Amino acid sequence: MPTNRRVIRWTLALACVAGALIALIDIDTPLRVVLTPLFMIVVPAAGISGLLRDRDPVESLAVGVAASLVINVLLAQAMLVFSSWSPRAGVATIAVLGGFMYVLQVLYRGAAVMRAEQGAKTR
């Protein structure tokens, strides 16, 4: 992976972590307006795009962003229906969902590696 992509990826990851921490700890800063929505959009989009990594990158990104918006709207609707609106709970739910998608990616990669090894043994 080129160095520029790695720098952008780490910068985006640190910005998302900062946004989550700002929302969870309830820090009053002007950066909250930018970093917390960035976290809420990027984490599910990156998780879904990672699950679709075998596809065209542009299509994968478009599906990831669309699914991220759907996930956030459904989460907001569920919190409103159950009268349990909480920004902290929303951020925590997205963080748990992002962690779950990361575990799925790791398991998917492991299964792909095992299939590749089995294919190499049969040749």
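Predicted model, so just to flag it, every value in this text is computed and none were measured. Note that the numbering runs from 1 along the sequence shown for the chain.
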**Student:** For M79 versus S86, what's the shortest heavy-atom pair and its separation?
**Tutor:** SD-O, 3.6 Å

**Student:** So do S60 and R53 actually touch side chain to side chain, heavy atoms under 4.5 Å?
**Tutor:** no

**Student:** Please report the closest heavy-atom contact between G19 and T36, naming both atoms and the distance.
**Tutor:** O-OG1, 3.1 Å

**Student:** Can you name the nearest heavy-atom pair linking R32 to D26, along with the distance?
**Tutor:** NH1-OD1, 2.9 Å

**Student:** With hydrophobic residues grouped by side-chain heavy-atom distances under 4.5 Å, do L97 and V17 end up in a single group?
**Tutor:** no

**Student:** Atom CZ in F39, atom CG in L24: separation rounded to 0.5 Å?
**Tutor:** 7.5 Å

**Student:** What's the separation between atom CD1 in I8 and atom OG1 in T3, rounded to the nearest 0.5 Å?
**Tutor:** 11.0 Å

**Student:** Which heavy atom of N72 sits nearest to which heavy atom of P44, and what is that distance?
**Tutor:** ND2-CG, 4.5 Å

**Student:** If you take all heavy atoms of S49 and L61, which pair is closest and at what distance?
**Tutor:** OG-CA, 3.7 Å

**Student:** Any donor-acceptor pair under 3.5 Å linking the side chain of S68 with the backbone of G64?
**Tutor:** no

**Student:** With a 4.5 Å limit on heavy-atom distance, are the side chains of I48 and I71 in contact?
**Tutor:** yes

**Student:** Should V106 and F100 be counted in the same cluster of Ile, Leu, Val, Met, Phe, Trp and Tyr side chains packed under 4.5 Å apart?
**Tutor:** no

**Student:** To the closest 0.5 Å, what do you measure between CD1 (I22) and CG (L35)?
**Tutor:** 5.0 Å

**Student:** Determine whether M101 and I94 fall in the same hydrophobic cluster, where Ile, Leu, Val, Met, Phe, Trp and Tyr are linked whenever their side-chain heavy atoms lie under 4.5 Å apart.
**Tutor:** yes

**Student:** Do you know which two heavy atoms are closest between L38 and C16, and how far apart they sit?
**Tutor:** O-SG, 4.1 Å

**Student:** Once you round to the nearest 0.5 Å, how far does CZ of R9 lie from CG of N4?
**Tutor:** 12.5 Å

**Student:** In terms of hydrophobic clustering (I, L, V, M, F, W, Y; side-chain heavy atoms under 4.5 Å; direct or indirect links), are L75 and L80 co-clustered?
**Tutor:** yes

**Student:** Are W10 and V42 linked, directly or through intermediate hydrophobic residues, by side-chain heavy-atom contacts shorter than 4.5 Å (ILVMFWY only)?
**Tutor:** no

**Student:** Should R88 and V91 count as side-chain neighbours, where that means a heavy-atom distance under 4.5 Å?
**Tutor:** no

